[in-house]
> 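The structure under discussion is supplied below as structure tokens; questions concerning it will follow.
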Amino acid sequence: MSFSFSVLNKDPGCLARRGIIQTPHGEVKTPVFMPVGTQGTVKALTPEAVRQIGAEIILGNTYHLYLRPGHDLIRNLGGLHRFMNWPHPILTDSGGFQVYSLAKLRKITDDGVIFQSHIDGSKHFLSPEIAVSIQESLGSDIMMCLDECTPYPATSAEAERSLDLTLTWARRCKTTQKSREQALFGIVQGGMYPALRRRAIADLQDIGFDGYAFGGLSVGEPKDIMQEILAETAHLLPETSPHYLMGVGTPEDIVFAVYHGIDMFDCVIPTRCARNGLLFTNDEKVVIKHARYRDDPGPVDRTCDCYTCRNYSRAYLRHLYVSGEILAMVLNTVHNIHFYMRLMEDIRRAIADGRYTEFNNNFMNRHREYSHWDIDGGNEKEE
RNA sequence: GGAGGGGUUCCCGAGCGGCCAAAGGGAGCAGACUGUAAAUCUGCCGGCGGAGCCUACGGAGGUUCGAAUCCUCCCCCCUCCA
């Protein structure tokens, strides 16, 4: 079974839609949140736990797995699914984000990117062709084109030059793609310039991809700018393909983006924040190390039915965290991923019922009421 | 009884005449985290409303323009010898 996407229903009041992605390793209900498993593992969790919590698809990373343990090794051991014991869908990022996040360790040419390994300093070359071929070795269900994640801020000239490079690379990725078994997504760049984004969407559609992603958002720009970009350009994405907003985001970001027609999300927030002691709940931000939880017998979130909340008190979780125990990261990650999964379920149900606008409004009102609900407290500190 | 060594801010521990409210750890208390170089990073950490003052380096005196740092006595602790 190869890749396909179908829309189950559209919300009558906005662009939100519900759909199903078919992949060789199973189907995925959208809108979907994909936990990030950069190095062939969702940090702190076994694949069985990830699955049980409700994840249907996870991420892997081309750059990291190429450097260690090496894509040839993974291919020879039966591919990434088998290697990491995750028989369900996998999306691999291309290394484009590392072009951005490891900026001090790389050099970009038209041909590709020369990286200096963050592990041992050795030099490596990544091109669009190599990125696709590595992802083919890994055997992921969805491959991403190599792109240049345009940093913020960038002038319109810089963003345009960067976009042109990304588009050239997108063509080369498409040409390199060998089999239709593995889907290939194109990435929309263009910085914070709607006109560039529009052009990117049109050009990528001309090339023709299985799905389209927004990249280069949530790279430090104010929240309202990201929202403006989405509101002005997301509706231009082809309706029959999945829309993926890369690296996003907070619960608020996700609810907002779904309203504008985004189907797929990934973000390190729930996993990284869990390891750093920040737990998501429906009415407050729980920083589990805080002294006030020292003897709190209640669960992290009374309304949560995850394994952690069913079995452990805030006092115990605080103790584990403060003591530096490994179990703290496990239990915290279980909770946060569960929180995100439940959020996506609620979103899908609201769309199925045709009341996403109402859901969105309620959510945003509640968010305003608890401004600390979002991890950065909304955008208030910017003013 | 004799000979050495030592008592520093919550703890450990540097400092050994001014640049010392006192290095560095730890603990404690906060903050950050958006396609993961992250079990990471940042800030605060004697008191009072500022670059100012007060209280602080076992205790009490003293030397000095100036002492955690030098001197005297006292009180504790440790090691070795009898």
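Numbered from 1 within each chain, the chains take letters A, B, ... in sequence-line order. As a basis for the values below, the full set of heavy atoms in this structure was taken, side chains included, without hydrogen atoms, waters or symmetry mates.
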> Taking NE2 from H243(A) and C1' from rG35(B), how many angstroms apart are they, rounded to a whole number?
18 Å

> Apply side-chain contact (heavy atoms from CB on, under 4.5 Å) to H260(A) and list each qualifying residue two or more places apart in sequence or on a separate chain.
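side-chain contact (heavy atoms from CB on, under 4.5 Å) list for H260(A), sorted by chain: A231(A), A234(A), F256(A).
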
> Mind checking the P distance from rA23(B) to rC44(B)? Whole angstroms is fine.
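Each nucleotide's P atom is 13 Å from the other's.
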
> To the nearest angstrom, how far is Y152(A) atom OH from rG35(B) atom C1'?
20 Å

> In whole Å, measure the gap between the P atoms of rG26(B) and rG52(B) for me.
31 Å

> Each nucleotide N or O in nucleotides 24-28 of chain B that has a protein N or O under 3.5 Å away: list the pair and distance.
none

> For rG7(B) and rG59(B), measure between their P atoms and round to the nearest Å.
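Straight-line distance between the two P atoms is 13 Å.
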
> With rounding to the closest Å, how many angstrom separate the P atoms on rG1(B) and rC65(B)?
40 Å

> Take nucleotides 36-42 of chain B nucleotide by nucleotide from the 5' end and write B, S or -, depending on whether a protein heavy atom sits under 4.0 Å from the base, only from the sugar-phosphate, or from neither.
BBBBB--

> Return the residues of residues 197-217 of chain A meeting this criterion: a heavy atom under 4.0 Å from some atom of RNA chain B. Order them by number, or give none.
G216(A)

> For the pair made of CD1 in I269(A) and C1' in rG35(B), what is the distance, rounded to whole Å?
12 Å

> Do H367(A) and V255(A) have side chains that get closer than 4.5 Å, going by heavy atoms?
no

> Considering only atom P, compute the distance from rU55(B) to rC41(B) and round it to an integer number of Å.
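Each nucleotide's P atom is 40 Å from the other's.
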
> NA contact type, Q189(A), heavy-atom cut-off 4.0 Å: base, sugar-phosphate, or nothing?
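Counting heavy atoms under 4.0 Å across all strands, the contact made by Q189(A) includes a base.
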
> Is any side-chain N of the basic residue among K223(A) and D253(A) closer than 4.0 Å to the acidic one's carboxylate O?
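Looking at K223(A) and D253(A), the cut-off is met.
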
> Assign I187(A) to base, sugar-phosphate, or nothing according to its heavy-atom contacts below 4.0 angstrom with the strands shown.
base

> rA22(B) and rG15(B): how far apart are their C1' atoms, nearest whole angstrom?
8 Å

> Using purine N1 to pyrimidine N3 plus N6-O4 or O6-N4 for Watson-Crick, or N1-O2 and O6-N3 for G-U wobble, both under 3.5 Å, which nucleotide pairs with rC80(B)?
rG2(B)

> Can you check the I262(A) CD1 to rG35(B) P distance for me, whole Å?
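Value for this atom pair: 16 Å.
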
> Does R302(A) pair with E284(A) as a salt bridge, N-O distance under 4.0 Å?
no

> Taking atom C1' in both rG66(B) and rA14(B), compute the distance separating them and give it to the nearest angstrom.
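Comparing C1' positions in rG66(B) and rA14(B) gives a spacing of 23 Å.
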
> With T166(A) as reference, evaluate V99(A), V188(A), D147(A) under the side-chain contact (heavy atoms from CB on, under 4.5 Å) test and give the passing residue.
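The option that passes is D147(A).
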
> CE of M264(A) versus C1' of rU34(B): gap in Å, rounded?
17 Å

> Which one is paired to rC65(B), where only Watson-Crick or G-U wobble pairs with both distances under 3.5 angstrom count?
rG18(B)

> Could you check how far CD of E252(A) sits from C1' of rC33(B), rounded to whole Å?
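That distance rounds to 16 Å.
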
> Find the distance K223(A):NZ to rC33(B):C1' and express it as a whole number of Å.
12 Å

> Please step through side-chain contact (heavy atoms from CB on, under 4.5 Å) for the pair T92(A) and N61(A), ending with a clear verdict.
CA-CA 5 Å; T92(A) 42; N61(A) 185 278; over 6 Å; no

> So how far is it from I142(A) CD1 to H25(A) NE2, rounded to the nearest 0.5 Å?
12.0 Å

> Taking atom P in both rU34(B) and rA38(B), what distance in whole Å separates the two?
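Those two atoms are separated by 13 Å.
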
> Regarding H118(A) and Y63(A), is there a side-chain donor-to-acceptor distance under 3.5 Å anywhere?
yes

> Taking any strand in view, what nucleotide pairs with rC44(B) in a Watson-Crick or G-U wobble way, both distances under 3.5 Å?
rG28(B)

> With sequence neighbours left out, write down each residue that passes side-chain contact (heavy atoms from CB on, under 4.5 Å) with V7(A), or none if nothing qualifies.
F5(A), K10(A), R17(A)

> Only one of M84(A), M34(A), Q135(A) forms a side-chain contact (heavy atoms from CB on, under 4.5 Å) with I90(A), so which one is it?
M84(A)

> If you measure from CG on L91(A) to OH on Y244(A), what distance do you get to the nearest 0.5 Å?
5.0 Å

> Write down the distance between CG (L138(A)) and C1' (rG35(B)), rounded to a whole number of angstrom.
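My rounded result for the distance is 16 Å.
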
> Go through the side-chain N and O atoms of T357(A) and N360(A) and say whether any donor and acceptor fall under 3.5 Å apart.
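There is no such pair between these side chains.
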
> Which residues pass the ring pair (Phe, Tyr, Trp, His ring centres under 6.0 Å) test with W169(A), sequence neighbours left out?
none

